[in-house]
Amino acid sequence: MRPDASVLHLDLDAFFAAVEQRDKPSLRGKPVVVGGVGGRGVVATASYEARRYGVRSAMSTREARSRCPHAAFLTGRFHAYREASERVMEVLRSVSPLVEPLSLDEAFVDLAAAGLPDLSVPTVTEVAEEMRARVHEVTDGLTASVGIGTSKFIAKVASDLDKPDGLVVVAPGTEVELLRPMHVTVIPGVGPATAERLRRAGIHTVADLERVSLDELVRLLGKAHGAGLWSLARAEDDRPVEPDRETKSVSVEGTYDTDLTDRKVMESVLTRQAGDVARRLRASGLSGRTVSIKVRLYDFTTLSRSTTLSSPTDTASTVARLARGLLAELDTSGGVRLLGVGVSGLADWIQEDLFGDDFGDGPGDADEADDAVPEVPLPGLPARHRSGWAPGMDVVHADLGRGWVWGAGRGVVTVRFETAETPSGPVRSFADDDPALTPWRPPEPPAPDAPVTPQSPTPA
DNA sequence: TCTGGGGTCCTAGGACCC
DNA sequence: TCTGGGGTCCTAGGACCC
């Protein structure tokens with residue numbers, strides 16, 4: 001805890017939804033929900049108009065639709081968000097060299113490194129108001145809420161106190177009285193599970209927490225967590241603003257609209273994800289020794305398996321092979337809703353084979369060709385159709401006859417074999433490059449002398 | 001057809017080494 | 001031969017954050 005209020009926390013208001021409203025004027029003033037729009041999607045951000053209907057982050061999209069059916073439901077446009085975020089971070093870095101981004105829409109700024117004449121409340125208030133105005137300007141109208149205090153914890157609490165488009169400075173010395181009446185969940189690290197444990201011990205507010213001894217808290221929550229909460233309840237927080245935090249892991253995962261049951265499909269998914277992970281590792285000049293998979297079963301049970309190599313890799317084929325091997329250990333017969341691949345134990349260099357011929361190669365040179373993830377056109381399926389499946393397309397599978405694409409994405413196509421004879425046939429998933437899938441083809445243009453038949457109107 | 005995706009940090013047990 | 005401990009690495013799971 002510092003003598004001055006010199007830690008600033010900035011939080012862009014309803015960020016993803018606000019970017020959509022900025023870019024599409026027709027959405028302004030209306031409820032907008034950004035998130036997964038599939039059957040198993042959840043809300044990432046709801047505009048304030050949508051929040052009035054009870055739509056919240058992390059709520060299932062299904063629930064959000066029932067609460068606010070007239071909202072616009074959009075999947076994210078992450079390039080736009082990243083671009084806006086970069087502009088904001090630039091503004092922050094023009095104020096202080098010590099900026100720690102927490103996500104696209106949040107960051108801490110250390111005002112003690114900003115070279116201000118002093119760190120009095122009026123001075124930091126003025127700096128923050130200028131900063132908010134600059135953010136508004138460079139992002140074409142986005143608003144931010146800002147909090148300033150003597151620590152990260154207090155700054156973060158403060159930025160929440162006057163949302164949206166607010167600024168709160170917590171004067172040094174007033175932290176504890178601000179916190180005491182608040183619910184324990186204001187403390188970062190107190191989520192549903194910890195809150196429930198504390199509730200059962202009769203601890204509801206920060207004031208309650210402050211009365212519990214360090215020993216008892218450690219007994220209740222474990223060493224690190226207990227000791228951390230004990231300090232935060234007293235507003236004791238010395239965590240520095242860290243501008244360059246190192247990446248510890250890189251992962252890709254996906255949840256499918258219908259559970260996967262076919263091992264071949266699962267392997268194909270893992271192979272594609274391994275390619276994505278390897279590509280991102282290389283793009284960052286990283287490689288890692290531990291390859292993990294994550295599997296969420298039909299009943300939401302989540303399993304993980306990992307294996308560690310003696311030297312780091314950034315090679316798609318290696319990650320893919322290990323991932324498929326880890327999957328082989330698991331019983332997935334009940335169906336799988338989520339699959340993921342990750343690499344951790346990262347180093348910013350690659351352990352070359354010290355005794356091999358390519359000693360001295362730079363990072364990323366190993367097995368370049370091996371990383372080319374299957375772009376080979378498969379028999380009977382023109383390359384341009386790969387990953388081009390969309391719901392409504394007509395497909396044919398040899399075993400089950402004609403079906404319709406029900407869901408598509410992340411390398412998986414879900415087909416409902418629904419025909420006039422079997423109105424609600426079985427649903428099966430395929431890898432999107434499965435040669436058994438025959439793509440829809442646009443109708444041939446009518447011959448010049450053929451009679452032109454009127455198109456039946458397409459339902460909206 | 002309740003429950004995303006990308007992360008971080010912590011715990012606990014077992015292996016292994018000194 | 002028996003006993004004891006500490007430290008580190010690895011794996012699996014869980015809580016939490018935005």
Side-chain angles (χ1 to χ4, degrees), chain A residues 9-12 14-16 33-45 56-67 75-76 78 81-82 85 100-108 152-153 156 159-160 185-198 218 221-229 239 242 245-259 273 276-277 280 289-310 326 329-330 335 337-346 406-407 409-410 414 416 427:
Chain A
H9 179 257
L10 176 136
D11 195 340
L12 293 158
F15 180 49
F16 298 169
V33 177
V34 179
V37 294
R40 287 170 170 172
V42 301
V43 174
T45 312
R56 295 283 177 271
S57 294
M59 173 182 284
S60 75
T61 300
R62 177 173 306 276
E63 164 113 30
R65 273 189 210 279
S66 86
R67 292 193 185 210
T75 76
F78 279 83
Y81 308 153
R82 200 162 294 120
S85 178
E100 179 181 334
L102 297 176
S103 62
L104 289 180
D105 65 338
E106 259 186 62
F108 285 114
K152 281 183 163 182
F153 175 31
K156 172 118 197 189
S159 71
D160 241 353
T185 49
V186 292
I187 300 177
V190 179
T194 305
E196 176 58 18
R197 280 194 185 184
L198 294 174
V218 168
L221 303 173
K223 200 175 166 191
H225 206 184
L229 281 201
R239 293 171 297 164
E242 290 182 276
R245 301 191 54 187
E246 280 182 8
T247 303
K248 304 260 169 81
S249 66
V250 173
S251 66
V252 171
E253 65 185 51
T255 295
Y256 300 90
D257 280 349
T258 55
D259 291 349
Q273 291 175 331
D276 292 346
V277 168
R280 283 172 48 201
R289 289 177 55 221
T290 302
V291 172
S292 311
I293 63 166
K294 177 168 162 184
V295 178
R296 181 117 75 206
L297 303 178
Y298 65 98
D299 64 354
F300 222 74
T301 310
T302 305
L303 308 173
S304 62
R305 289 294 180 272
S306 66
T307 185
T308 297
L309 298 161
S310 56
L326 291 168
E329 298 174 10
L330 300 175
R337 59 182 289 140
L338 172 148
L339 273 180
V341 174
V343 173
S344 56
L346 300 185
W406 171 264
R410 314 177 203 284
T414 305
R416 172 163 284 247
V427 173

State whether the side chain of Ser85(A) and the backbone N or O of Leu104(A) hold a donor-acceptor pair below 3.5 Å, judged by distance alone. yes
Any side-chain to backbone donor/acceptor pair from Thr290(A) onto Val343(A)? Under 3.5 Å, distance only. no
In terms of side-chain heavy atoms of Ser249(A), which of dT11(B), dG6(B), dT8(B) is nearest? dT8(B)
Counting side-chain heavy atoms from CB outward, which of dG7(B), dG4(B), dA12(C) is closest to Arg337(A)? dG4(B)
Applying a 4.0 Å non-hydrogen cut-off, can you work out what Asp259(A) is touching in the nucleic acid: base, sugar-phosphate, or nothing? nothing
Nearest-nucleotide pick for Pro192(A), side chain only, options being dC16(C), dT3(B), dC18(C): dC16(C)
Where the side chain of Lys223(A) is defined as all heavy atoms beyond and including C-beta, which of dT11(B), dG4(B), dG6(B) is the nearest nucleotide? dT11(B)
Rounded distance [0.5 Å steps], OG1 in Thr75(A) versus CZ in Phe16(A): 11.5 Å
Once you round it to whole Å, what is the distance between P of dC9(B) and CG of Leu229(A)? 17 Å
Aromatic rings His9(A) and Phe108(A): how do their planes relate, parallel, tilted or perpendicular, breaks at 30° and 60°? tilted
Spacing of the C1' atoms in dC16(C) and dG4(B) (rounded, Å): 15 Å
Is there a side-chain contact between Arg197(A) and Leu221(A) (heavy atoms, below 4.5 Å)? yes
For Thr255(A) and Arg40(A), what are the C-alpha separation, side-chain angles and deciding distance, and is it a side chain to side chain donor-acceptor pair (under 3.5 Å)? CA-CA 7 Å; Thr255(A) 295; Arg40(A) 287 170 170 172; over 6 Å; no
Could you state the atom-to-atom distance from NZ of Lys294(A) to C1' of dT11(C) in whole Å? 16 Å
Could you give the distance from CG (Asp105(A)) to CG (Leu10(A)), rounded to the nearest 0.5 Å? 9.0 Å
Going from CD1 on Ile293(A) to CD on Glu329(A), what distance comes out if it is rounded to the nearest 0.5 angstrom? 7.5 Å
Could you tell me whether the phosphate oxygens of dG7(B), OP1 or OP2, come under 4.0 Å of any side-chain nitrogen or oxygen in Arg245(A)? no
Find which nucleotide of DNA chain C each of Thr307(A) and Gly189(A) is nearest to by heavy atoms, and output the residue with the more 5' nucleotide. Thr307(A)
Which part of the nucleic acid, if any, lies within contact of Thr194(A), taking any heavy atom under 4.0 Å across all strands shown: a base, the sugar-phosphate backbone alone, or nothing? sugar-phosphate
Without decimals, in angstroms, what is the distance between Arg410(A) CZ and dG6(B) P? 8 Å
Please determine whether a side-chain nitrogen or oxygen atom of Arg289(A) lies at a distance below 4.0 Å from atom OP1 or OP2 of dC10(C). yes
What's the closest nucleotide to the Lys156(A) side chain, out of dC17(C), dT11(C), dG5(B)? dC17(C)
Quick check on dA15(C): is either OP1 or OP2 less than 4.0 Å from any side-chain nitrogen or oxygen of Arg197(A)? no
How far apart are the closest heavy atoms of Thr45(A) and Phe15(A), and which atoms are they? CG2-N, 3.9 Å
Specify the separation, in whole Å, of atom NE2 of His225(A) and atom P of dC16(C). 6 Å
Closest to side chain of Glu253(A), choosing from dT3(B), dG6(B), dT11(B): dG6(B)
So, is Ser306(A) close to the dA12(C) phosphate, meaning a side-chain N or O under 4.0 Å from OP1 or OP2? yes
Contact class for Ser57(A) (heavy atom, under 4.0 Å): base, sugar-phosphate, or nothing? nothing
Whole-Å gap separating C1' (dC18(C)) and CZ (Arg82(A)): 15 Å
Would you mind telling me which residue lines up with the more 5' stretch of DNA chain B, Leu221(A) or Arg40(A), judged by nearest nucleotide? Arg40(A)
Compare the minimum distances between each of dG13(C), dG4(B), dC10(B) and the side chain of Thr255(A), then state the nucleotide with the smallest one. dG4(B)
Determine: side-chain N/O of Ser251(A) to OP1/OP2 of dG7(B), distance under 4.0 Å, yes or no. yes
Hey, does Val190(A) reach any base, or is it just sugar-phosphate, or nothing, if we go heavy atoms under 4.0 Å? sugar-phosphate
Using a heavy-atom cut-off of 4.0 Å across all strands, would you classify Leu303(A) as base, sugar-phosphate, or nothing? sugar-phosphate
Taking CG from Asp257(A) and P from dC2(B), how many angstroms apart are they, rounded to a whole number? 12 Å
Is Arg296(A) touching bases, backbone alone, or none of the nucleic acid, heavy atoms closer than 4.0 Å? sugar-phosphate
Distance check needed: dG4(B) P versus Arg62(A) CZ, whole Å only. 12 Å
Could you please name the option among dC18(C), dG6(B), dT3(B) that lies closest to any side-chain atom of Val42(A)? dT3(B)
Looking only at atom C1', what distance separates dA15(C) and dT3(B), rounded to whole Å? 16 Å
Could you summarise the pairing of DNA chain C as dot-bracket text, marking Watson-Crick and G-U pairs under 3.5 Å with ( ) or [ ] inside the strand and | across strands? ....||||||||||||||
Is the closest basic N to carboxylate O distance between Arg296(A) and Glu253(A) below 4.0 Å? no
Tell me what Gly254(A) touches on the nucleic acid: a base, only sugar-phosphate, or nothing, going by heavy atoms under 4.0 Å. sugar-phosphate
In whole Å, I'd like the distance from the CD atom of Glu329(A) to the P atom of dA12(C). 7 Å
Winner on side-chain proximity to Lys248(A), out of dC16(C), dT3(B), dC9(B), is dC9(B)
Heavy atoms from C-beta onward define the side chain here; which of dA12(C), dT3(B), dC16(C) lies closest to that of Arg305(A)? dA12(C)
Hey, does the side chain of Thr308(A) come within less than 4.0 Å of dT11(C)'s phosphate (OP1/OP2), counting only N and O? yes
